[in-house]
Amino acid sequence: MIVIKMGGASGVNLDWVMGDVAAQVKAGQKMVVVHGGSGETNAISEQLGHPPRFVTSPSGYTSRYTDRTTLEIFAMVTSGKINTLLVEKLQSLGVNAFGLSGVDGRLMVAKRKEAIRIVENGRQRMLRDDYTGKIEEVNSKLLMMLLDDGYTPVIAPLAISPEGVALNVDADRAAAMVAGAVKAEQLIILSNVPGLMRNFPDESSVIAYIDKAKVERSLEFAEGRMKKKVLGASEALGLGVSKVVFADGRVENPVANALAGQGTVIS
Ligand code: ADP
């Protein structure tokens, strides 16, 4: 079993990634696809007159402030558009893809962070009415049922709270939780960079291998949203996934390349 996280960052080639996923599925490999969509949500939020707002936590993580309107736009873009287009692509390639988000069948249950602590102008304060969450449980039975029946699940990054409230979740960490839940051998995180760079943005400084015991230490190289990917990698490894690869989603055969060890391999 392989879990692929497909980033929405500009440059990631949807056709090549899905083409490669289809080739793997046809060769008998069970795959689960998890995708993001923050870039496109930003663009559409602007168009709808509700521009995105980003906040920074005291420990330096950046995330989207998700009020109810933002949550609905996020659902529209990720579940509505991106998920459907990925499923359409896989279907056109002869793969019986099945799109769902963590809301469906309680696939991903998350604890809502109702108030988040943020740093603004050097000062800390609490921000309320946020619809984001941290995944605590994945309905692996549902995924296994789909996989055993020959479907390839394609998952949008929304979760549901125990009370039944839809939440925006980080797609990299969702992919990590899913990989752990389905006992994947590998989690491949495709983005618009060739791997984790020691001196970002110098592409010649890509780290080829990181020992899983040292993954937390590599957080120091990651800036901005890359931090969440490293955190996701660490969570996946902690859940028993043996290998996490950060690989380039802009190139031809992105999945085959990652499986061949290109990118940053953490194991
Ligand atoms: P996606 O939408 O694919 O999930 P993100 O934009 O969230 O991708 O994160 C990937 C980005 O992280 C890269 O495009 C890069 O600009 C940034 N980044 C920050 N630090 C690093 C690093 N040390 N190595 C690689 N990329 C990094």
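Residues take their numbers from the sequence shown, with the count starting at 1. Ligands are counted one by one from 1 in listed order, and the atoms in each one are counted from 1 as well.
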Which one holds for Lys228 and ligand 1: side chain close, backbone close, both close, or neither close, with close meaning a heavy atom under 4.0 Å? neither
Just to be sure I read this right, does ligand 1 sit under 4.0 Å from the backbone of Leu196, its side chain, both, or neither, counting only heavy atoms? both
Under 3.5 Å, N or O to N or O, is Phe221 touching ligand 1 that way? yes
So, regarding Lys5 and ligand 1 (criterion: nitrogen or oxygen to nitrogen or oxygen, under 3.5 Å), is there a contact or not? yes
Per-residue contact class, Lys229 against ligand 1 - non-hydrogen pairs under 4.0 Å: side chain
Could you check whether Asn42 and Ser45, counting side-chain N and O atoms only, form a donor-acceptor pair closer than 3.5 Å? no
Is it true that the NZ or CZ of Arg64 lies under 6.0 Å from the centre of Phe74's six-membered ring and within 45 degrees of the ring axis? no
Show the numbers, then the answer: is there a salt bridge (charged side-chain N to carboxylate O under 4.0 Å, His left out) between Lys5 and Asp172? CA-CA 7 Å; Lys5 156 68 188 0; Asp172 292 300; 3.0 Å; yes
How about Phe221 and Met197: do any of their side-chain heavy atoms sit closer than 4.5 Å? no
Met197 versus ligand 1: do any nitrogen or oxygen atoms come within less than 3.5 Å of each other? yes
Between the side chains of Gln262 and Asp248, is a donor N or O closer than 3.5 angstrom to an acceptor N or O? no
Nearest neighbour in protein (non-hydrogen) for atom 15 (C) of ligand 1: Phe200 CE1, 3.3 Å
List the steps, then state whether salt bridge (charged side-chain N to carboxylate O under 4.0 Å, His left out) holds for Lys113 with Asp130. CA-CA 7 Å; Lys113 298 178 241 174; Asp130 191 50; over 6 Å; no
Should you measure from each heavy atom of Gly195, which atoms of ligand 1 turn up under 4.0 Å away? 24 (N), 25 (C)
Minimum heavy-atom distance Val138-Leu143, with the two atoms named: CG1-CD1, 4.3 Å
Would you say His50 and Thr69 make side-chain contact, with heavy atoms under 4.5 Å? yes
In terms of residue, atom name and distance, what is the protein heavy atom nearest to atom 19 (C) of ligand 1? Glu223 O, 3.0 Å
Heavy atom of Ser38, distance to ligand 1 below 4.0 Å: no
Min over Asn192, Val12, Ile189, Asp170 of heavy-atom distance to atom 14 (O) of ligand 1 lands on Asn192
